[in-house]
Amino acid sequence: MEERYDPKKIEPKWQKYWAEKGLYKTKTAESLKKFYCLEMFPYPSGKIHMGHVRNYAIGDVIARYKRMQGYNVLHPMGWDSFGLPAENAAIKHGVHPSKWTYENIEYMKGQLNKLGLSYDWDREVATCSPEYYRWNQWFFIRMLEKGLAYRKSSYVNWCPSCATVLANEQVIDTKCWRCDSVVVQKELDQWFLKITHYAEELLSACDDLKGWPEKVVLMQKNWIGKSTGVEIDFRIDGTDEKVRVYTTRPDTLFGATFVCMSPPHPLAQKLVADREALEEITAQYGKVEEKLGLFSGHYCINPVNNERIPLYIANFVLMEYGTGAIMSVPAHDQRDFEFALKYNLPVRRVIAQEAVAEAQGAQLSEAYEDDGVMVNSGDFTGLKSPEGRVKVVAFIEEKGLGKKVVNFRLRDWGISRQRYWGTPIPVIYCESCGIVAVPDKDLPVILPEDVKFTGRGGSPLKESEAFLQAACPKCGGRARRETDTMDTFVDSSWYFIAYCLKQGKGEWGFEISERNNKITNPLNYWMPVDQYIGGVEHAVLHLLYSRFFTRVVRDLGIISCSEPFTNLLTQGMVIKDGAKMSKSKGNVVDPDYLIDRYGSDTSRLFSLFAAPPERDLEWSDKGVEGAYRFLSRIWNVVYRNLNSLQGTSYPTAGKADIKGISEAGRSLLRKTHKTVRKVTNDIEREYHFNTAIAALMELVNEMTGLEPADDLDNSVLRFAIETTLCLISPFTPHIAEELWTAMGNEPGISGQRWPVWDEELSKEDEVELVIQMNGKLKGKLMIPAGAADEDAKKLALNDPKIAEAIGGREIKKVIVVKGRLVNIVLGG
RNA sequence: GCCGGAGUGGCGGAAUUGGUAGACGCAAGGGACUUAAAAUCCCUCGUGGGCAACUGCGUACCGGUUCGAGUCCGGUCUCCGGCACCA
């Protein structure tokens, strides 16, 4: 054994040993209780960053801990390897996206291995490989068959810089999530996945996500955004047309003083004579800065009071939500209020604030949006809002003017991207047959290699004649291939399912014909993921899509669970100098440098120690040195005692041996059992590794101070050290393995059983009793553990200092907290 | 604007059920070893007063409940995150 701790000498050695022994390969024994531990797979951008180190360190501790507890653990890793940066690199440097991507994967895989992460690499998938994306295409065709994938023309978010469509979720504050360009609205033919088919289920199942952070569940709920309201038809005076509006406030119907319609609304085209003005307002559609309206030249009839009110085309009314038209009640909706003010439209109050004497006719300075009592509302006057809503809806339905409906904020998922480096959408356009799906036997539709990346115009796939030309699978006639590729979020929506199927180099995949097959179906053994770990930035996007996809896969009969992730841990960001690490801020810490300088054990230990996993972690170079010092102290205590520890062993069966043990030895033995309890509980309690590590530091501090007096002390010390090594091995596996073998044990500490504590041996003989007077600390006293409350009280009252402090005052009450505290309540 | 979350030493953070506030680590100061430095080890370390024993104050702020509040309740301020014409 070397005198000094030198991670460079031991870490590569053990990484090689683990790989050769195949220690982290998943067993197929399905009689064992399983644990599926998953970290979000990275985009292979070139190098891992500290966020990855933290994410994967957390996952690795959990995987190793669960293995030591006897679980059959699936702990896979792969690559989210389609996406824009590869294509941008191709444009900029002339490297093919494939080459760039696979080289990055190669390098990053090496980095992950240098961290000592216990992955089963036989399960590795790369989403850009045809063996993976063929199943994207397969799922797409299944969804097409079921009507869950469809094509429609619509206004989409368009990033002019990336020259592609963005999903709503990828638009952050009106800007592109990737490049920060301002997103514009553009009308395009797009493929959509019908996530709204599952809107109700995705929402109601949120309440079952008990193992998710409440914050994330709430964000999902808000994103889905269910609202109940009513659709009402407004006849357009002098025509046969009617406009259908959606409102959640039927109780304000009598206050509707105009109707607004979205510019792309089909009726707008029909009704507005001034094409130029209509085009102008259409160009302003979706602009948040200003509300703009165009009088259509027509009037609507309010069905409850037959009032004739103007119909406007308004740029703030969304076509994609509700019916694309609204009734405007300026008195009770702030947006309508602003619009009315601008275009000088009447404001009529129909809801009065309850329990407040209304100043009749008083000018409103803003809309009153709360519930209240209906006024100026015909037969409904006097009803409270909630009751009024029910009654108005009943009236509307009875007269056949409309119906009660549920709306969701959630839209269908537009997946078309005008890009090369993604999954080709497996569809062919035939001149005579129309849209035809590529038959399963022709999958995968492979990306052509021979394309040029100019960065100009649309997708490079449009330039590849060999790709574009295709025979129609139905009639054999001339046809053209779809050139759009899929949003990369499709790839990551089911990769956790792929891991369950893939084993080594062989074939893997899905077949509906094999559904409900054998109990040994690996999907139903491994799914759902027991613990998922990743950044909170995916709280809506990726997690919602994955929940959707899992349900699609379920409804195909391939899998039986509905929710993919039982427990979710959203880890905080790694920050430095108060800001997220980024190249532009120049505050990045390079994991390669860190591993080279301090070793991966130290890197892992610090990321786990400096903060609990769900919180942001403030990076500290000095803190890293502290972690390194701690590992050195463990090394030193083994090195110093190596000779005297040889041949000793702690008689685990014979508890009675504590008789005759030295005071220091007994104390260390007690501390060891307490530490096992603390570390185990801290891991179980929301993975609070920081306090678990603090407890291990305390234990090491105590054993460093022990001078063994006899063989019994030596055997306790050996027990304490071996226990420490087992407890710390999930955090810092290399040093644990090295010291474990240095003490004469067979290699394979990660195969040891997780230590268990002995409650008896962890008990103190004496405990400290706190004495308070009127709730203020007045003294402390050592009393025998387990002393009765009466005795504790007596001891406290008889303490000379306390007796003196009480003086002659009256004791009103004495409160005793067993084994901890006595509070003497004094009068006067 | 709406919906969440958080405010504890010089710093990162502990305090698990209402019961000793500040575990553990970092930084700082002092000491030992050394020709010297690094490394290592030991001591001090919330703050005010006092030579000291001791004592006052202290978990963003104001108030409440309680024998007892960082923890529970009401209000205020600040910071962070999400959503934002969703009718």
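Below, chains carry the letters A, B, ... as their sequence lines are ordered, and counting in each starts from 1. What you are looking at is a predicted structure, and each value in this text was computed from that prediction instead of being measured.
- No engagement by A:Glu320 is indicated, since no non-hydrogen atom pair under 4.0 Å with the nucleic acid exists.
- Sorted by first and then second residue, the side-chain hydrogen bond (donor to acceptor under 3.5 Å, both in side chains) pairs with a member in residues 311-321 of chain A read A:Ser227-A:Tyr321, A:Tyr285-A:Glu320; sequence neighbours excluded.
- With sequence neighbours excluded, no residue forms a ring pair (Phe, Tyr, Trp, His ring centres under 6.0 Å) with A:Tyr639.
- A:Met327 has its CE atom 12 Å from the P atom of B:rA87, to the nearest Å.
- For A:Arg685, the side chain to side chain donor-acceptor pair (under 3.5 Å) partners at least two apart in sequence or on another chain are A:Asp682.
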Query raised in the report: RNA chain B in dot-bracket, Watson-Crick or G-U pairs under 3.5 Å, [ ] crossing, | other strand?
Result: (((((((..(((......[....))).(((((.......))))).((((....))))..(((((..]....))))))))))))....
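- Ring geometry for A:His542 against A:His538 counts as perpendicular: the plane angle is over 60°, on a 0 to 90° scale with 30° as the lower cut.
- Evaluation of the salt bridge (Lys or Arg N to Asp or Glu O under 4.0 Å) rule for A:Asp370 yields no partner, not counting sequence neighbours.
- Taking the ring pair (Phe, Tyr, Trp, His ring centres under 6.0 Å) definition, one finds that A:Trp619 meets it with A:Phe606, sequence neighbours left out.
- B:rG9 has its base syn relative to the sugar, with a glycosidic angle deviating from 0 by at most 90°.
- Out of B:rC24, B:rC41, B:rU20, the shortest distance to the side chain of A:Leu821 is found at B:rU20.
- For a distance-only test at 3.5 Å, the side chain of A:Lys622 fails to qualify as a donor-acceptor partner of the base of B:rC11.
- Looking at residues two or more places apart in sequence or on another chain, you find no ring pair (Phe, Tyr, Trp, His ring centres under 6.0 Å) involving A:His197.
- A:Trp635 is linked by a ring pair (Phe, Tyr, Trp, His ring centres under 6.0 Å) to A:Tyr5, counting only residues two or more places apart in sequence or in another chain.
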Distances under 3.5 Å between nitrogen or oxygen atoms of protein and nucleotides 66-70 of chain B:
residue	atom	partner	partner atom	Å
B:rC67	O2	A:Asn823	ND2	2.4

Show me the donor-acceptor pairs within less than 3.5 Å that the side chains of residues 769-783 of chain A make with the rest of the protein, sequence neighbours left out.
residue	atom	partner	partner atom	Å
A:Asn774	OD1	A:Leu826	N	2.9

Hey, what are the protein-to-nucleotides 13-16 of chain B N/O distances that come in under 3.5 Å?
residue	atom	partner	partner atom	Å
B:rG13	O3'	A:Asn690	ND2	3.4
B:rA14	OP1	A:Asn690	ND2	3.1
B:rA14	OP2	A:Arg615	NH2	2.9
B:rA15	OP1	A:Arg685	NH2	3.2
B:rU16	O4	A:Lys678	NZ	2.8

Can I get a per-line list of side-chain donor-acceptor pairs under 3.5 Å for residues 693-706 of chain A, giving both atom names and the distance, sequence neighbours left out?
residue	atom	partner	partner atom	Å
A:Glu698	OE1	A:Lys671	NZ	2.9
A:Asn701	OD1	A:Arg633	NH2	3.4
A:Asn701	ND2	A:Met697	O	3.4
A:Glu702	OE2	A:Ser667	OG	2.7
A:Glu702	OE2	A:Leu668	N	3.3
A:Thr704	OG1	A:Val700	O	2.6

